[in-house]
Number of protein chains: 2
Amino acid sequence: MAGRKAAAPDPARSLALLWGSHTKPGRSGLTVRAIVDAAIALADVSGLEALSMRMVAERLKVGTMSLYTHVPGKGELTDLMFDQVYGDLYADLDEPLNQPGGWRGALEFIARRNWEVLTAHPWIHEVPTMRTALGPNITRKYETELRPLDGLGLTDVEMDSALTLVLTHVQGTARAGAEQLRTQRDSGLSDEEWWRQISPTLTTVMSGTHFPTAGRVGTSVGEHFQSAMDPAHALTFGLTTILDGLTPLITSRSAVQ
Amino acid sequence: MAGRKAAAPDPARSLALLWGSHTKPGRSGLTVRAIVDAAIALADVSGLEALSMRMVAERLKVGTMSLYTHVPGKGELTDLMFDQVYGDLYADLDEPLNQPGGWRGALEFIARRNWEVLTAHPWIHEVPTMRTALGPNITRKYETELRPLDGLGLTDVEMDSALTLVLTHVQGTARAGAEQLRTQRDSGLSDEEWWRQISPTLTTVMSGTHFPTAGRVGTSVGEHFQSAMDPAHALTFGLTTILDGLTPLITSRSAVQ
DNA sequence: AGAGTGTACCGTACATTGTACGGCTCAGGT
DNA sequence: ACCTGAGCCGTACAATGTACGGTACACTCT
């Protein structure tokens, strides 16, 4: 990254911002909320890396440095953006729990919701999540997502592990999809056009090497999805497999109870 | 990112570099290989984002712009780095296949090997992988990893989906672990110190809100792992679950044969 | 041996980034 | 009417990737 030291965001400062109430408009109407909203709108289009403090300021018709009155820096701003988009994820604390289909239906619902945010705001993948772990919305999300797993006989650690597994899968798959989309946008080439462009170079250069399985499977996948991969298919295949894998664990625990 | 246009890497140029033979030392001993090795060594320590062309040049005792004689730009350089670290992943094309334990043992072996590279070179997580998909080493890796799944009765698409699921899981978990480590390094704080620092702010600010499940489970996890998460545990829990989930699919297909 | 030529090498310049610093300007209290 | 403090912002700086144009060396051909 460029610029001055870009000092690591102060956790305590971030937390205060995250949990505090910010309803003091100032004399040009500038608010933490307005800044975060503007930043999210811009990031949705261009990504976090392309998002600059100058762009945010310009969109708000405000001097660049005015932002720093309300937000310590870009790092803390991304923390706020992150917490914000997870704010409306669930209608209430029991929405997944009230889903039909028991724990399995609940986890499917959770996966689908997370998938939706991730695809609506692909820049989330660029946010270092470790440090934001304690924002108010994130904490509520954790509570909401854990509840359907409570009382099934699982240990606390198992509950966390199961949830983490599902969320990691959704995130990884969504990330791959976002990357695919972004690559297409950046290059202006669709998957097919891209393939046509590199195809001659590839055949020239690949002559003499034989990868029979990779060749056959790669071709099948390409024909089936018209692409090198289909994120939606990967999501459901993986989710089904994971839930199938969790079933014996949960039924054995429930039986003991 | 800063700097000039930073034009998207030319796929064809990357491919030529990836597949071509580069054994022309030039008059100051500068080689594509040497550049890539230096870049990898630096990235291992500081990450991709902190890696700069100036740093690479300095390490090689060479002017910055000399690098551009051998490598079109930073984007293509990262492509080369990516392909390079996957070069020695497997001893031969049948190493996973020859593992004991059938397809399950093979997938466990594959997961472990991928985990090792990912933790040895955490910057891999920052590489946009879509465009590199066709490097020689990556293609061989795909072949090697698919073979243990061949002949089990799975369709080509199912073979690819199963492998992708395992690799996505390993990558996601490794990424979380890398992020955790990096956050610690950057802040100079261990998990415990970090917790002590934000704890007072948190209790002040969290008063009045009740998240019973999150609180109980979070505490249990923290006590069990001395941290908010344990990547190694997440890896094995998830892998076990996924393989358990794949078992019915594979046995049903094999039965039909 | 001498001349010519292409390629490896690199110094400088520039646009772009995050943000430190210090000044300006106003709202509100005394 | 004046003072004070907070919101606002112009300028400056360090760091980045790399375009551009120049320099110097290894080689080939005469």
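Residue numbers begin at 1 in each chain, while the letters A, B, ... track the order of the sequences.
- In this structure, the CG atom of A:Leu48 is 14 Å from the P atom of C:dT17, given to the nearest Å.
- If you measure from atom CD of A:Glu49 to atom P of C:dT17, you get 11 Å, rounded to the nearest angstrom.
- Relative to the side chain of B:Val62, the nucleotides D:dG7, C:dC10, D:dG10 differ in distance, and C:dC10 lies closest.
- In this structure, A:Glu58 atom CD and D:dG10 atom P are separated by 12 Å, rounded to whole Å.
- When side chains are defined from C-beta on, A:Met81 counts as touching A:Leu48, because their heavy atoms get closer than 4.5 Å.
- By the neighbour-count criterion of 12 heavy atoms within 6.0 Å, atom CG of B:Asp88 is sparsely surrounded, having that number or fewer from other residues, nucleotides or ligands.
- Rounded to whole angstrom, the span from the CG atom of B:Leu30 across to the P atom of D:dA24 amounts to 19 Å.
- Set against C:dC10, D:dC8, C:dG18, the side chain of A:His70 has D:dC8 as its closest nucleotide.
- When each of A:Lys61 and A:Arg54 is assigned the nucleotide of DNA chain D bearing its nearest heavy atom, the one mapping closer to the 5' terminus is A:Lys61.
- Rounding to whole angstrom units, CD of residue A:Glu76 and P of C:dG18 are separated by 13 Å.
- At distances below 3.5 Å, at least one donor-acceptor pair connects side-chain atoms of B:Glu126 with backbone N or O atoms of B:Glu49.
- Looking at heavy-atom distances under 4.0 Å, B:Ser66 makes contact with a base.
- Among D:dG7, D:dT11, C:dG18, the nucleotide with an atom closest to any side-chain atom of A:Thr69 is D:dG7.
- Backbone-only contact: B:Leu51 has heavy atoms under 4.0 Å from sugar-phosphate atoms and none from a base.
- Residue-level contact check: A:Leu67 touches neither bases nor backbone, having no heavy atom under 4.0 Å from any strand.
- Comparing D:dT18, D:dT16, D:dT11 by their closest approach to the side chain of B:Ser52 singles out D:dT16.
- If you check C:dC10, D:dC9, D:dT18 against the side chain of B:Thr64, the one that comes closest is D:dT18.
- One can place CE of A:Met53 at 7 Å from P of C:dG18, the figure rounded to the nearest angstrom.
- If you take CG of A:Leu60 and P of D:dG7, they are 16 Å apart, rounded to a whole angstrom.
- Summarising the geometry, the separation between CD1 on A:Ile35 and P on D:dG7 is reported as 11 Å, rounded to the nearest angstrom.
- Taking 4.5 Å as the limit, every side-chain heavy atom of B:Tyr90 sits out of range of all side-chain heavy atoms of B:Arg140.
- Remark: B:Glu116 CD is packed, more than 12 non-hydrogen atoms of other residues, nucleotides or ligands lying under 6.0 Å away.
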